[in-house]
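Numbers restart at 1 for each chain; the letters A, B, ... are given by sequence-line order, proteins then strands.
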4 protein chains.
Amino acid sequence: MKGIPIEDLEIGDKASFSKTLSETDVYLFAGITGDFNPAHVNEIEARGSIFEGRVAHGMLVAGFLSTVVGMQLPGPGSILVRQELKFLSPVRIGDTVTAEVEVLEIHLRRNMVILGAIIKNQDCRKVIQGKAVVKPPLKCSVE
Amino acid sequence: MKGIPIEDLEIGDKASFSKTLSETDVYLFAGITGDFNPAHVNEIEARGSIFEGRVAHGMLVAGFLSTVVGMQLPGPGSILVRQELKFLSPVRIGDTVTAEVEVLEIHLRRNMVILGAIIKNQDCRKVIQGKAVVKPPLKCSVE
Amino acid sequence: MKGIPIEDLEIGDKASFSKTLSETDVYLFAGITGDFNPAHVNEIEARGSIFEGRVAHGMLVAGFLSTVVGMQLPGPGSILVRQELKFLSPVRIGDTVTAEVEVLEIHLRRNMVILGAIIKNQDCRKVIQGKAVVKPPLKCSVE
Amino acid sequence: MKGIPIEDLEIGDKASFSKTLSETDVYLFAGITGDFNPAHVNEIEARGSIFEGRVAHGMLVAGFLSTVVGMQLPGPGSILVRQELKFLSPVRIGDTVTAEVEVLEIHLRRNMVILGAIIKNQDCRKVIQGKAVVKPPLKCSVE
């Protein structure tokens, strides 16, 4: 597994990843991070909130962006340098989200690319939007 | 469980959360997000990388910030609006990280606070630094 | 993270923790403990039982009491010494339980507190009731 | 899978279950219950404590008793009614514990047995000791 070096990237290149968010995803993420906010793990309280039910952790959903970056564009060997995200809508348990990443800028000399990032739900509603600065893997490791 | 409304927050308020990152955390996060980048789950390849071993997903570690926000400051009922993060150093399996959040700005009229965020490892090295815009829970829900 | 020393505790102090029990919780607990009693993991058999469906392990639910003790009252640094529990009603997958702990007795000289413990479900039905003897964290560790 | 009805139990009957406690067990239990006490998940802080390292949650270890009860003695169909436990020694990650249960009293008319319970570590040190009141499964379900 080896990602795409900066020389082989072009502005406009895109990649995406989709998944239906399960209760298991949300509960395991709570278990990893310690974030047991009732909005995520208490259905009774969450039903009374503006979200009308349990929602996924924003950082869980944002994690799908790093999935696209780390697995596809630029892929294995990439290093995430910086990230800005806006959380626009909640993701409910059972929602299907698609994270899409697009190459916006290529800075060859510094080996850095700027990626646009959008995550939408099954109704094409934007749930997260942002940018990431990423170092693609180097072309070759000379031996 | 109810978080702190904006009226009760003060600039300089701080809260933190600490955890030793386990291999289990990294593998479950990979399983949730689908980010099976060899840097995280392939010890052989990771040993040959500049990190000299498997490292945690940046977004997993960043998740501890939302733990502090969602559980403590401002706590349950908070809504994460925006987030900017710089990934400064890798976190290895077995590292102990501490995520600290501090109130930097309070915008009473818009019910928004700006939080500074720093995650350090056991050697006090900064691994992630950034800011978050958060809506604290409202003081009361009038019926 | 540091809990409350005995000097700062008062009779009547309370703390609680709530969570909706998921199938994931029950299955992971079965996987950790090896308790694959059909009442917990066999829906077909469990439907024919007096509980009419799979129920959570009593010890899983009882674990929420140690969450309150270890995280809040008295919190980090506390040592659980003894515990007596009555299991009054089953907790079904999907039930939302609230574990509440209250300081009943303070034994300053022996650095021990007796806590009353109640876990209720979303219908305010008691599912577990009991007591715990706990040593709060010491006020300071003199060097 | 069907447990032993009270008519077939004898005073002195024993059963046991053994397992080496892994870091994964402790982290998953923290993730299920929300008990992220540093004694369990922060190696740096735990090293400085009297336990000199991370220890398992007492309730996780106690869970092995319900494994013996629910799987073997009396086995599937048993209902845990009451439990008293003393926590005598910590269990470290990597320790191998054996939970043993023994029939102490048989109350035929009320369909209840009293079980003695001991959990030891690999050095035969008692870590938990206690009693449980259990209702064995009924002999037959007449149709």
Minimal non-hydrogen separation, A:Glu23 against C:Glu23, with atom names: OE1-N, 4.0 Å
Within 6.0 Å of NZ in A:Lys86, more than 12 heavy atoms from elsewhere: no
Beyond-backbone contact of A:Leu28 with C:Leu28, side-chain heavy atoms, under 4.5 angstrom: yes
Flag side-chain contact, heavy atom, 4.5 Å: A:Asn42 against C:Thr20: yes
Crowding at NZ, C:Lys131 (>12 non-hydrogen neighbours, <6.0 Å): no
Spacing of C:Asn121 atom CG and A:Ile44 atom CD1 [to the nearest 0.5 Å]: 9.0 Å
C:Arg82 atom CZ, over 12 foreign heavy atoms within 6.0 Å: no
